[in-house]
Amino acid sequence: MKSSPPASADDRVPSPDPSGDGRKPRLLWLAAWAFGVSMFLLVTLFLGRDGEAERIPYSTFIASLDAGRIERVEIGEQEIRGTLKAVPGEERTEPGEAPATTMFVTTRVEHPGLVDELRRHDVTFTALPRSTLFDRLVWWVLPVILLLWLWMSMIRRTASQQVANVFGIAGSRAKVYVEQDTKVTFADVAGVDEAKQELQELVAFLRDPTRFGRLGARMPKGVLLVGPPGTGKTLFARAVAGEAGVPFFSINGSEFVELFVGVGAARVRAVFEQARKSAPCIIFIDELDALGRARGAGIFTGASDEKEQTLNQLLAELDGFSPERGVVLLAATNRPEILDPALLRAGRFDRQLVVDRPDRLGRRQILEVHVKAIRLAPGLDLDAVAGLTPGFTGADLANLVNEAALAATRRGADAVTLDDVTVAVERIVAGLARKSRVLTPRDREVTAYHEIGHAIVSLATPGTDPVQKVSIIPRSMGALGYTLQRPTEDRYIATRDELEAKLTVLLGGRAAELVAFGHLSTGAADDLVRATELARGMVMWYGMDDTVGHVVYGERGSLMLEPRTLVAPESRVYSEETAREIELAVRAFVQRALDRAVALLTLNREALDEGARRLAERESLTHGELPAVTTPPAESGSGRPRAARAHAGVHRSVVSEPSGA
């Protein structure tokens, strides 16, 4: 599956913001602060006129008037303001201090002869204008009302936009993108033809909704895309939008759920309301499991209440959701087993499309899409590359092509060859080579025997996948070495003989240490984990042990799209006696595989020693450089293991297909 490049800024147009331009709240803040400061300065200036005047008793005013010290006065209704004449020698009271104030204010007292006294002393006097109720409203009440109105307006706007966004309380519209110019089409999607055909019906419905109602049929209300990570579920949704040419509302399921109860439900309503206004359009909810987890499965907390309310609102919107309006709901998840059954019932997500890992033909088709951007060497067979990558998803194949191009660039080549692809596979599977890590001679020898033991056992067991490469170069994923096998075909069913052969190869490294050194090391730790898991599956899930019988014990995991009952990991539905039989059967499978591996390596002891010597000298061996082995007729298998594998020298084995076998 081709992974689409990230949408550019031109591809994503933010949804309409009900508050208008994002700069308006900031300008409103600045205007409010400027107005508030201006009003404060004006009021302070108006009221602060008393700050520079000294309030004196009326008797002092009369005495100063009689002494001839009054220069001018302003007579008001309640008070008298005036200016004293400067007296020589009294401009400064102390050196360095400011001049003494010459302004005064006093409370007015009824004095009939005041005007005559002012005339007699040649004092200039005026009358202050009478203060009216309108003046008081203008200078006192109106500024307060304006300030309160501005503050309330800012609170209403910012509480739901800026402050709320800090805590994630705002509606979801700011996080929803409308992609009206999606450049992804079905030509960019390959490897899953069945799912593509199903989604093409949605495109036809969006282009011509009346066609599907001709015979009374209706389109599904919702389509759920299910599959492992990296298989292209999101790419499919964008391709539908690109083919239909309609707005594409994309949102992640986790963006609905917040700490505060009721926020998620409001966001669900906002998304559906906005989509109805933009119909025809597509609503795509990625990672639906974050929103649609089964109710009552978790601890009853406030967060659980919020999730349940959000899910209930989504269910209500789906019930009132009419596809005839031209709105199609898509969702994607890689954990369908934990979804609430109410989501999957008919009338909500009517259709479930499985977007699985591609087969060999699908991988080749995906590679053909991706290699258009790089320069390939003549003769590079993409079918061989597809055979190297069993279990790879579309995202893995896109990464593989890019890593191969980088490998060719590092060595200064003009084109990408099959060797570059092999290097890219090794880097993806086993990690980056760490040649700077120097092993001691003893560790190097043990690792060489361990890895060549896997290869010898695989070569001596008919029907196993051919060994492609063996290496003891340390890798960044914790592996001191690995054995890479390449399957020749995709297999979906494995027999008991095939699984036992796989067990034998898994334990080939430990068997080589026993045969060569007679002791055990920690190098087979991860091999033992994988072998135990495989043997336990053969006993508990596949019914391949005669003693335990054809009964399934425990819960391996529910089938896709089937709701399951959540059971605690420690719970089991079988007795202690049955548990003991299971453990004995698992132990017997592992022990028989180890005995077979030891027998094969003992028979091929010369090949084991020669292969370990070559591997220690060259660090890597390809299939043609491995020594010849002898295959005992009694150990012939009837089939092949279903997947390739790579094994580590110490603690960890690295699987050659990302999904595991």
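Given the structure is predicted, the values throughout are model-derived calculations rather than measurements. Atom set for the values below is all heavy atoms of this structure, side chains included, hydrogens, waters and symmetry mates excluded.
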Is a side-chain N or O of Ser458 found less than 3.5 angstrom from the main chain of His454, in a donor-acceptor match?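 Checking the backbone N and O of His454 against the side chain of Ser458, no donor-acceptor pair under 3.5 Å is found.
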Can you check whether Leu506's main-chain N or O pairs, donor with acceptor, with Arg530's side chain at less than 3.5 Å?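 No.
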State, with a plain yes or no, whether a side-chain heavy atom of [X] is found less than 4.5 Å away from one of [Y].
X	Y	answer
Phe236	Thr231	no
Phe186	Val240	yes
Leu499	Tyr542	yes
Leu380	Val371	no

Asp396 and Thr393 side chains, donor-acceptor separation under 3.5 Å: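 Side-chain D/A pair, Thr393 to Asp396: present.
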Between Gln313 and Glu317, a side-chain donor and acceptor under 3.5 Å: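 A pair is found: one side chain offers a donor N or O, the other an acceptor, under 3.5 Å apart.
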Drop me the distance from Arg360's CZ to Leu388's CG, to the nearest 0.5 angstrom.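 Between atom CZ of Arg360 and atom CG of Leu388 there are 8.5 Å.
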Say you draw a straight line from CD1 of Ile374 to CG of Asn402; how long is it, rounded to the nearest 0.5 Å?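 Result: 8.5 Å between the selected atoms.
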So does [X] pair up with [Y], basic N to acidic O under 4.0 Å?
X	Y	result
Lys233	Asp286	no
Arg364	Glu368	yes
Arg587	Glu583	no

What orientation do Tyr574 and Tyr553 show, parallel under 30°, tilted 30 to 60°, or perpendicular over 60°?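 Because their plane-to-plane angle is over 60°, the rings of Tyr574 and Tyr553 count as perpendicular.
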